Every structure is written in C-alpha cells, then in structure tokens.
Q: 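Handing you a structure now.
All values reported here derive from a predicted model rather than from experimental measurement.
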Amino acid sequence: MSMTQHAGPAVTTPPASGPKQTDGRTTRRPLALRLLARPEVGVFLGAVAVYVFFLVTAPPVREAGSMANILYQSSTIGIMALPVALLMIGGEFDLSSGVAVITSALTASMLSYQLTMNVWVGVVVALAVSLGIGFLNGWMVVRTGLPSFLVTLGTFLILQGVNLAVTKLVTTNVATDDISDMDGFSQAKKVFASSFEVGGVQVKITIVYWLVFAALATWVLLRTRYGNWIFAVGGNKESARAVGVPVTFTKISLFMLVGFGAWFLGMHQLFSFNTVQSGEGVGQELIYISAAVIGGCLLTGGAGSAIGPVFGAFMFGMVQQGIVYAGWNPDWFKAFLGVMLLGAVLINLWVQRTATRR
C-alpha cells in the first residue's frame, strides 16, 4: 500500500515589530531643523526683529518716505554685499572692495573732465579698470597661493594711496570737478542714479537694481553649473579640481564680479553727487563683508546664499537710518553693527550645529 504525502502550506515568520532601523545619514529631519539649515532664515528673523524694534522706538520709520530712504541706504550696501558674498562662498575675501568703488568713480570723473570727453567714455574705461583690479586680485591669489586677505589688503593700501595722490595731482584738490554739465551726463544719471515715484514717494533706481541682482545671483547659485562651481571651490578647491571644476577660472571670475559691483556702485555715487571725494570708501569693505556674514555666509567658504545678504544689508540700512529717526547719537551705529555681527556669527554657529545634529 502506497502512501501519498501532502505538503502543507508554507509558514512564514512575520518580521519582528519594532522601530525601523535607519542610517542616521538618511533619517528625515523635522521641518524646523530643515528650515534652520537654510542660511538666510536666521538673518530674516533678525531683520524682522530690528524692523519691529525701530518701528516702535522711532515713529518716523512708519512713514513711507522714511522706508524709501532705508531701502535706498540698504541698496547701496546690498549691491556690493552680493558679489562679496559670492566671493566668500567661493572661499575668498576682498578687502579692497570699499576703496575700489571710489577708484572706479574717480577714473570715470577725471578721465571725462580732464580730457573733455563724453562721460560714457569715462564710464566704459572705469568698468575696464574695475574688472582689471578684480582680475589682478584673483590672479595673484591663484598663482601665489597667498591668502586673499593679504593680497587684497595690499590692493586696498595701493588704491587708497593712488586715489588720494592722483586726485591731488590732477585736480590740485581732494575731490574731482563737477561733471554735471558734460555731454552724456543726463543719460548716465538716468541709468545709474535716477528715481521714480510710487504712491507719492520717490524711490531710487538702485533699489530695483539691488533686488534684480539678488534674484539673478540666487538663480546662478541654485540653478547653474557655475553656482555649483562656487560652492565646490569654497568647500574644498583640491577636491573640486579633481572632479573637473575650473578652480582658477571660478576664483578669478568671482574677484572680477566684485570689481563689477564696485564699478556699478561707483557710477551711482558719481552721478548722484556729480563729484567724488578721493578719501572715501575706507571701512566700507568691512560693512560689505559683515552684511554677507550676517546673511549666513561662512568665513570658511562653501556655504551661504544670495538672499541672506539682502536681509543683512537691510539690517544695516535699518540701523543706520533708524538711529537717526530715533534721534539717538549716530556714533552708536558702529556699536550696533558690532553687536549684530557677533550675534550673527553665534547664531550661524548654533544653526549649523543644530541642523547637522542627528
């Protein structure tokens, strides 16, 4: 008699219940931590706090005309803070950016006036000079391997001396001559220093340029290959070079971008006031760098954004004008800037540690 064996149903053991084991590198962090990881979030909150503070303590700030003045002051800082921030993300500094603005304005003014040329000739030559200064700074940093702090400190001292010496030599004065009656002045003024009316309030064109430049810089950083190169060379230039990033081109072009910003702001100052004081610009580079740092750009490079420096520049403009509207001693301005800078550095450090904590 044969026996037939029937196979029973397979029995599978269900997986043990319990918390899912995940790699800490792939754990999804809470939304709050992900927001804190954005470099511009902290400075945005700080800008709101500064605005509310002066809104309460300085009643004139509540007027539309006062806000237009604050935004204008912020734009003159922000236009230069943007390229300075991109350079810092790329891992470098430029201490000559403040006096480079005056160099550009002096070049355009003296060339046009002394040679009795159309002011647009001076504008174009000033652009070439500014880009040349940026190229020289970048080339020196790349070729020598010296810290950009030292290279641009030397450029700062050279430009400061040249601005004063050449202006005195050419004009026998510390300021350039008035160019408001020269050919092309009215057209250049419309481009670089005009204003328009919004709701009965005069708004400077530099505010529009500032916001457009910020949008363009944000797009470049987040949506282009060049933006990836900036972050890469700022994080680790040797690793970036190993994967094919053109480190030399990226760094030199960033210094030239600072030169472009110096030229643009220099043209605004020239066509706003018709003349230029050769001794100005000293100390402005620290304000540009501070606005970038407050905006979330790390001193070590490789991190930051273009939006953060916009809020950083707004905080500077808010404090600078808010102190005046509040009727306080303007000598406190630098003290406020120091407090904001230290606070921003500490906040950035806390944000960085919090955002990377598992």
Q: Scan side-chain atoms only and decide if Asn69 and Tyr325 contain a donor-acceptor pair under the 3.5 Å cut-off.
A: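 A pair is found: one side chain offers a donor N or O, the other an acceptor, under 3.5 Å apart.
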Q: Keeping the roles fixed (side chain from Thr76, backbone from Gln73), state whether a donor-acceptor pair exists under 3.5 Å.
A: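 Side chain of Thr76 to backbone of Gln73, a donor-acceptor pair under 3.5 Å: yes, one is there.
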Q: What distance do Leu87 atom CG and Thr250 atom OG1 have between them, rounded to the nearest 0.5 Å?
A: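 Interatomic distance, Leu87 CG to Thr250 OG1, rounded to 0.5 Å: 11.5 Å.
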Q: Check Lys251 against Lys237 and note the closest heavy-atom contact, atom names and distance.
A: CE-CD, 4.1 Å
Q: Can you name the nearest heavy-atom pair linking Gly322 to Ala58, along with the distance?
A: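 For Gly322 versus Ala58, the nearest heavy atoms are O-CB, 4.1 Å.
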Q: If we ignore angles and hydrogens, is there a donor and acceptor under 3.5 Å between the side chains of Tyr226 and Ser253?
A: yes
Q: If we only count heavy atoms from C-beta on, is the Lys168 to Asn173 side-chain gap below 4.5 Å?
A: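 No, too far: nothing below the 4.5 Å cut-off.
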Q: Indicate whether the side chain of Thr176 and that of Thr275 have a donor and an acceptor atom separated by less than 3.5 Å.
A: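 Checked: Thr176/Thr275 side chains pair up, N/O donor to acceptor below 3.5 Å.
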Q: Kindly indicate, with the supporting measurements, whether the criterion side chain to side chain contact (heavy atoms under 4.5 Å, CB included) is fulfilled by Phe156 and Asp94.
A: CA-CA 9 Å; Phe156 162 79; Asp94 191 344; over 6 Å; no
Q: Within the 4.5 Å heavy-atom criterion, are Val203 and Glu197 side-chain neighbours or not?
A: no
Q: Distance from Leu136 atom CG to Ile252 atom CD1, nearest 0.5 Å?
A: 10.0 Å
Q: Is it true that, when you exclude Phe185 itself, more than 12 heavy atoms of the residues, nucleotides or ligands shown sit nearer than 6.0 Å to its CZ?
A: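 Yes, CZ of Phe185 has more than 12 neighbouring heavy atoms, counting only those of other groups under 6.0 Å.
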Q: For the OG1 atom of Thr224 and the CG atom of Leu216, what is their distance to the nearest 0.5 Å?
A: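 Here the interatomic distance stands at 9.0 Å.
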Q: Show your reasoning for whether side chain to side chain donor-acceptor pair (under 3.5 Å) applies to Thr155 and Ser96.
A: CA-CA 6 Å; Thr155 307; Ser96 66; 5.0 Å; no
Q: Hey, does the side chain of Trp263 reach the backbone of Ala100 with a donor-acceptor pair shorter than 3.5 angstrom?
A: no
Q: Consider only side-chain heavy atoms of I, L, V, M, F, W and Y, link residues closer than 4.5 Å, and tell whether Leu111 and Val170 are in one cluster.
A: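 Linked within one cluster.
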Q: Measuring from atom OG of Ser97 to atom CE of Met80, what distance do you get when rounded to the nearest 0.5 angstrom?
A: 4.5 Å
Q: Hydrophobic cluster membership, with links at side-chain heavy-atom distances under 4.5 Å among I/L/V/M/F/W/Y: are Val201 and Ile70 in one?
A: no
Q: Heavy atoms only: give me the nearest Ala232-Val245 pair and the separation to one decimal.
A: CB-CG2, 4.3 Å
Q: Below 4.5 Å, heavy atoms only, C-beta onward: do Gln284 and Val101 meet side chain to side chain?
A: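 No. Closest side-chain heavy atoms not under 4.5 Å.
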Q: Is any side-chain heavy atom of Met67 less than 4.5 Å from a side-chain heavy atom of Tyr72?
A: no
Q: Judged by modelled atom types alone, do Gln202 and Ser195 share a side-chain donor-acceptor pair under 3.5 Å?
A: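 Yes, a side-chain donor-acceptor pair sits under 3.5 Å.
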Q: For Asp178 and Ser180, does a side-chain donor sit closer than 3.5 Å to a side-chain acceptor?
A: yes
Q: Any non-hydrogen side-chain atom of Phe54 less than 4.5 Å from a side-chain atom of Ile323?
A: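 Contact flag for Phe54/Ile323 side chains = yes.
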Q: Stepwise, does the side chain to side chain contact (heavy atoms under 4.5 Å, CB included) test hold for Leu106 with Val166?
A: CA-CA 9 Å; Leu106 290 172; Val166 173; over 6 Å; no
Q: Using side-chain heavy atoms (C-beta onward) and a distance below 4.5 Å, is Arg223 in contact with Thr218?
A: no
Q: Run the numbers on Met88 and Leu298 for side chain to side chain contact (heavy atoms under 4.5 Å, CB included), then give the verdict.
A: CA-CA 7 Å; Met88 289 180 63; Leu298 298 182; over 6 Å; no
Q: Are Phe149 and Tyr288 linked, directly or through other ILVMFWY residues, by side chains that come within less than 4.5 angstrom of each other?
A: yes
Q: Would you please classify the geometry between the Phe271 ring and the Phe192 ring as parallel, tilted or perpendicular, with 30° and 60° separating the classes?
A: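 Rings of Phe192 and Phe271: parallel, under 30°.
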Q: Determine yes or no for a side-chain-to-main-chain donor-acceptor pair under 3.5 angstrom, with Thr116 supplying the side chain and Ser112 the backbone.
A: no
Q: If you measure only the distance, is there a donor-acceptor pair under 3.5 Å linking the side chains of Ser278 and Asn163?
A: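 No, no side-chain donor-acceptor pair sits under 3.5 Å.
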Q: After noting the C-alpha distance and the side-chain angles of Leu146 and Val141, does the key distance pass the side chain to side chain contact (heavy atoms under 4.5 Å, CB included) rule?
A: CA-CA 6 Å; Leu146 291 172; Val141 169; over 6 Å; no
Q: Ile89 and Ala303: which non-hydrogen atoms are nearest, and at how many Å?
A: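 So the two residues come closest at CG1-O, 3.6 Å.
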Q: Short question: side chain of Glu92, backbone of Gly90 - any donor-acceptor pair under 3.5 Å?
A: no
Q: Is any side-chain heavy atom of Val50 closer than 4.5 Å to one of Phe314?
A: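 They are not in contact (no side-chain heavy atoms under 4.5 Å apart), so the answer is no.
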Q: Please verify the inter-ring angle class for Trp229 with Phe249; under 30° counts as parallel, over 60° as perpendicular, anything in between as tilted.
A: perpendicular
Q: Look at the side chain of Thr144 and the backbone N and O of Met140, then say whether any donor-acceptor pair between them is shorter than 3.5 Å.
A: yes
Q: Quick check: do Val276 and Thr167 have side-chain heavy atoms less than 4.5 Å from each other?
A: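 Result no, sub-4.5 Å side-chain heavy-atom pair not found.
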Q: Out of curiosity, Ile77 CD1 to Leu82 CG, how far, rounded to the nearest 0.5 Å?
A: 12.0 Å
Q: Under a single-linkage definition using a 4.5 Å side-chain heavy-atom cutoff for Ile, Leu, Val, Met, Phe, Trp and Tyr, are Val220 and Val310 assigned to the same hydrophobic cluster?
A: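 The answer is yes; both residues are in one hydrophobic cluster.
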Q: Kindly give the heavy-atom pair with the smallest separation between Trp120 and Gln187, and that separation in Å.
A: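 The pair with the smallest heavy-atom distance is NE1-CB, 3.9 Å.
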Q: According to a hydrophobic-cluster definition based on side-chain heavy atoms being under 4.5 Å apart (Ile, Leu, Val, Met, Phe, Trp, Tyr only), do Val191 and Leu270 belong together?
A: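 Cluster IDs for Val191 and Leu270 match.
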Q: Sub-3.5 Å donor-acceptor pair from the side chain of Arg62 to the main-chain atoms of Leu55, do we have one?
A: yes
Q: Mind listing the closest non-hydrogen atom pair of Pro309 and Ala85 along with its distance?
A: CG-CB, 3.5 Å
Q: Going through the checks in order, is the ring pair (Phe, Tyr, Trp, His ring centres under 6.0 Å) test met by Phe311 and Phe44?
A: CA-CA 6 Å; Phe311 295 126; Phe44 170 73; 5.2 Å; yes
Q: Would you say Asn236's side chain and Ser239's backbone share a donor-acceptor pair under 3.5 angstrom?
A: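 Yes, the answer is positive, given that a donor and an acceptor are paired below the 3.5 Å cut-off.
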Q: Roughly how far apart are Ser305 OG and Leu222 CG, rounded to 0.5 Å?
A: 8.0 Å
Q: According to the interplanar angle, ranging from 0 to 90°, do the rings of Phe260 and Phe264 count as parallel (below 30°), tilted (30 to 60°) or perpendicular (above 60°)?
A: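 If you compare the ring of Phe260 with that of Phe264, the planes turn out tilted.
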